[in-house]
Q: 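Supplied in structure tokens, the structure appears directly below.
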Amino acid sequence: MMKKYFIMLLLALLSTITAVADDEATELNCEVEVNSEKVTNGSKDIFNELKQAVTDYMNTTKWTNATFGTNEKIYCKLMFTISSWDDATGLMKGDLQIQSTRPVFNSSYTTTLINFKDTKVDFIYNTGQQLVYSELNMEDNLTAILNFWAYMIIALDFDSFELNGGTPYYERAAEVVRLAQSSGESGWKAFEDNNNRSAVLSAFNDKQTAPIRQMLYDYHRMGLDQMVVTVDKGRSAITHTLENLAKIYDVAPLSVCLTMFKNAKLDELINIYSKANMTEKENVYEMLYQVYPSETNRLDQIKKTEN
């Protein structure tokens with residue numbers, strides 16, 4: 001009897017250790033929301049299934065060969081807004097808001113890396129459908145979209161810690177785009193518009209807009225991560241790296257990377273320069289106004305804030 005109990009206890013312990021190891025092996029801590037308020041037909045249960053399926057897919061797929069501890073996982077959030085659903089075919093149409101954050105060194109503060117809306121999100125999902133990962137084939141449009149954004153989330157995160165550290169994951173995202181472009185699905189075609197997934201990938205790969213990746217590293221490692229130690233030094237590094245925005249704007253004023261940077265960082269920049277001297281505030285205001293002239297009301301807050 002004792003032997004049987006010991007074996008059961010050992011198996012339970014091994015199962016727990018394996019579960020923990022599997023959890024620590026994955027890279028993402030992904031929260032998923034599905035808003036189906038615009039859909040009036042059929043049962044809402046399908047959207048709860050979709051939410052769980054995407055959550056499991058994002059959090060259990062092994063996306064890299066890197067080792068991640070539980071506290072090192074990249075926090076991200078996917079928010080689907082479903083505008084229509086054909087309950088006969090399973091075709092869902094809508095958009096997807098992607099957010100990801102990164103911790104700042106030696107602080108409790110987290111900074112936004114991605115805050116972007118993918119507006120061309122069409123896919124088929126039916127009750128009981130299994131989401132299957134494949135590195136070599138496009139299984140369906142939903143997993144292709146998830147794969148693309150998983151790799152982009154990881155790529156930007158790695159770039160923020162190591163100069164060009166995200167290169168292998170941009171390459172994997174490029175392979176996803178290559179496979180998807182032959183499918184005829186929306187959101188993947190080159191030059192289809194300035195904000196689809198193909199354009200997002202190009203913004204971080206093209207030589208013209210390459211300074212955005214240098215910015216990711218300088219802004220975070222040389223700037224934010226240093227502010228905990230020396231506020232003025234870290235802020236000065238951020239001021240210097242903002243000069244890259246003008247370089248990108250001069251050659252590619254419609255690049256989606258400029259919009260992505262604004263959506264992720266503009267409010268943060270307003271807070272960062274709230275304690276800067278007036279000369280630094282005015283310099284930053286001029287740099288940002290050159291690139292984002294339509295954001296005058298928000299940018300004015302940089303000069304209005306008090307020392």
Side-chain angles (χ1 to χ4, degrees), residues 14-32 53-78 96 98-116 118 131-139 143-180 197 200-205 210 212-226 228 257 260 264:
L14 288 173
S15 176
T16 300
I17 292 172
T18 301
V20 171
D22 288 344
D23 180 63
E24 290 184 350
T26 57
E27 300 85 358
L28 301 181
N29 174 19
C30 185
E31 182 180 349
V32 179
V54 173
T55 300
D56 292 343
Y57 184 81
M58 295 295 286
N59 290 325
T60 62
T61 299
K62 187 74 175 76
W63 302 101
T64 78
N65 293 324
T67 301
F68 278 69
T70 301
N71 63 341
E72 296 174 325
K73 288 174 178 283
I74 302 169
Y75 176 76
C76 56
K77 192 170 184 178
L78 302 181
L96 171 63
I98 304 97
Q99 296 177 347
S100 71
T101 60
R102 167 203 191 278
V104 172
F105 177 72
N106 205 26
S107 76
S108 59
Y109 179 70
T110 57
T111 180
T112 301
L113 284 174
I114 300 176
N115 183 20
F116 180 77
D118 187 340
L131 301 186
V132 179
Y133 173 79
S134 174
E135 192 173 338
L136 302 177
N137 302 294
M138 179 177 174
E139 296 294 322
T143 54
I145 292 170
L146 297 178
N147 293 352
F148 175 80
W149 284 114
Y151 285 130
M152 290 301 297
I153 288 167
I154 293 168
L156 267 70
D157 190 83
F158 274 60
D159 265 0
S160 76
F161 283 102
E162 178 184 354
L163 183 59
N164 297 325
T167 296
Y169 312 110
Y170 292 115
E171 291 174 352
R172 293 192 186 184
E175 183 61 18
V176 174
V177 171
R178 186 190 68 79
L179 290 170
R197 291 178 288 277
V200 169
L201 178 66
S202 294
F204 291 89
N205 279 352
I212 192 65
R213 294 186 62 190
Q214 180 77 51
M215 280 190 68
L216 282 171
Y217 176 74
D218 290 342
Y219 185 102
H220 296 93
R221 286 299 290 134
M222 301 294 102
L224 285 183
D225 286 347
Q226 298 301 318
V228 176
C257 70
M260 293 178 73

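Position 1 is the first residue of the sequence; numbering continues from there.
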Q: Look up atom CG in Asn59 and atom CD in Glu31, then write down how far apart they are to the nearest 0.5 Å.
A: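 Reported value, rounded in 0.5 Å steps: 10.0 Å.
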Q: Quick check: do Val176 and Arg197 have side-chain heavy atoms less than 4.5 Å from each other?
A: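 Contact flag for Val176/Arg197 side chains = no.
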Q: Measure the SG-CG distance between Cys257 and Leu201 for me, rounded to the nearest 0.5 Å.
A: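 Reported value, rounded in 0.5 Å steps: 12.0 Å.
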Q: Rounded to the nearest 0.5 Å, how far apart are CG of Leu146 and CG of Leu78?
A: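 Taking CG in Leu146 and CG in Leu78, the distance rounds to 6.5 Å.
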Q: Below 4.5 Å, heavy atoms only, C-beta onward: do Tyr133 and Thr143 meet side chain to side chain?
A: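 No, their side chains stay 4.5 Å or more apart.
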Q: Taking the side chain as everything from C-beta on, heavy atoms only, tell me whether Leu96 gets closer than 4.5 Å to Ile145.
A: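 In short, these two side chains touch, coming nearer than 4.5 Å.
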Q: Got more than 12 heavy atoms from elsewhere within 6.0 Å of CZ, Phe105?
A: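 For Phe105, atom CZ is not crowded (no more than 12 foreign heavy atoms under 6.0 Å).
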Q: Search all heavy atoms of Ser134 against all heavy atoms of Glu139 and return the closest pair with its distance.
A: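 Distance-wise, the nearest heavy atoms are CB-OE2, 3.4 Å.
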Q: Where do Trp149 and Phe116 land on the ring pair (Phe, Tyr, Trp, His ring centres under 6.0 Å) test, with the steps shown first?
A: CA-CA 10 Å; Trp149 284 114; Phe116 180 77; 5.6 Å; yes
Q: Calculate, to the nearest 0.5 Å, the distance between atoms CG and CE belonging to Leu163 and Met222 respectively.
A: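 These two atoms lie 9.5 Å from each other.
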Q: Report the C-alpha separation of Thr101 and Leu113 in whole Å, then their side-chain angles, then the decisive distance to 0.1 Å, and conclude whether the side chain to side chain contact (heavy atoms under 4.5 Å, CB included) test is met.
A: CA-CA 5 Å; Thr101 60; Leu113 284 174; over 6 Å; no
Q: With a 4.5 Å limit on heavy-atom distance, are the side chains of Phe204 and Met152 in contact?
A: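 Side chain of Phe204 against side chain of Met152, heavy atoms only: contact under 4.5 Å found.
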Q: For the pair Glu175 and Arg172, find out whether any cationic side-chain nitrogen is under 4.0 Å from an anionic carboxylate oxygen.
A: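 So Glu175 does not pair with Arg172 through a salt bridge.
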Q: Ion pair present between Lys62 and Glu27, side-chain N to carboxylate O less than 4.0 angstrom?
A: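 Counted as a salt bridge, because a side-chain N and a carboxylate O are separated by less than 4.0 Å.
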Q: I need the minimum non-hydrogen distance between Val228 and Ser107, along with the two atoms involved.
A: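 Heavy atoms of Val228 and Ser107 come nearest at CG2-CB, 3.9 Å.
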Q: Measure the shortest side-chain to side-chain distance between Leu28 and Thr61 over non-hydrogen atoms and say whether it is less than 4.5 angstrom.
A: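 In short, these two side chains do not touch, never coming nearer than 4.5 Å.
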Q: Restricting to non-hydrogen atoms, name the atom on Met138 and the atom on Ala144 that form the minimum distance, rounded to 0.1 Å.
A: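 Residues Met138 and Ala144, closest heavy atoms: CE-CB, 4.0 Å.
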Q: Check the pair Tyr170, Asn164 against side chain to side chain contact (heavy atoms under 4.5 Å, CB included), reporting the backbone distance first and the verdict last.
A: CA-CA 10 Å; Tyr170 292 115; Asn164 297 325; over 6 Å; no
Q: Hey, could you give me the SG/CE distance between Cys30 and Met58, rounded to the nearest 0.5 Å?
A: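 Going from SG on Cys30 over to CE on Met58, the span is 4.5 Å.
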Q: Over all heavy atoms of both residues, which pair between Phe161 and Tyr217 is shortest? Give the atoms and the distance, please.
A: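 Result for this residue pair: O-CE1, 3.6 Å.
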Q: Taking atom NZ of Lys77 and atom OG1 of Thr112, what is their separation to the nearest 0.5 Å?
A: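 Reported value, rounded in 0.5 Å steps: 11.5 Å.
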Q: State yes or no: are the ring centers of Tyr169 and Phe158 separated by less than 6.0 Å?
A: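 Under 6.0 Å, so yes.
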Q: For residues Tyr75 and Gln99, determine if any side-chain heavy atom of one lies less than 4.5 Å from a side-chain heavy atom of the other.
A: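 No, their side chains stay 4.5 Å or more apart.
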Q: Can you find a pair of side-chain heavy atoms, one from Ile153 and one from Ile114, that are under 4.5 Å apart?
A: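 When only atoms from C-beta onward are counted, Ile114 and Ile153 do touch, with a gap below 4.5 Å.
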Q: Test Thr64 against Tyr151 for side chain to side chain contact (heavy atoms under 4.5 Å, CB included), laying out the working first.
A: CA-CA 9 Å; Thr64 78; Tyr151 285 130; 5.6 Å; no
Q: With side chains defined as the heavy atoms from C-beta onward, is the minimum distance between Leu156 and Leu216 less than 4.5 Å?
A: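 Counting from C-beta outward, Leu156 and Leu216 do come under 4.5 Å.
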Q: Cut-off 3.5 Å, side chains only: do Arg102 and Thr111 have a donor facing an acceptor?
A: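 Side chains of Arg102 and Thr111: no pair found under 3.5 Å.
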Q: Taking 4.0 angstrom as the limit, do Arg213 and Asp159 come out as a salt bridge?
A: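 Answer for the salt bridge query: yes.
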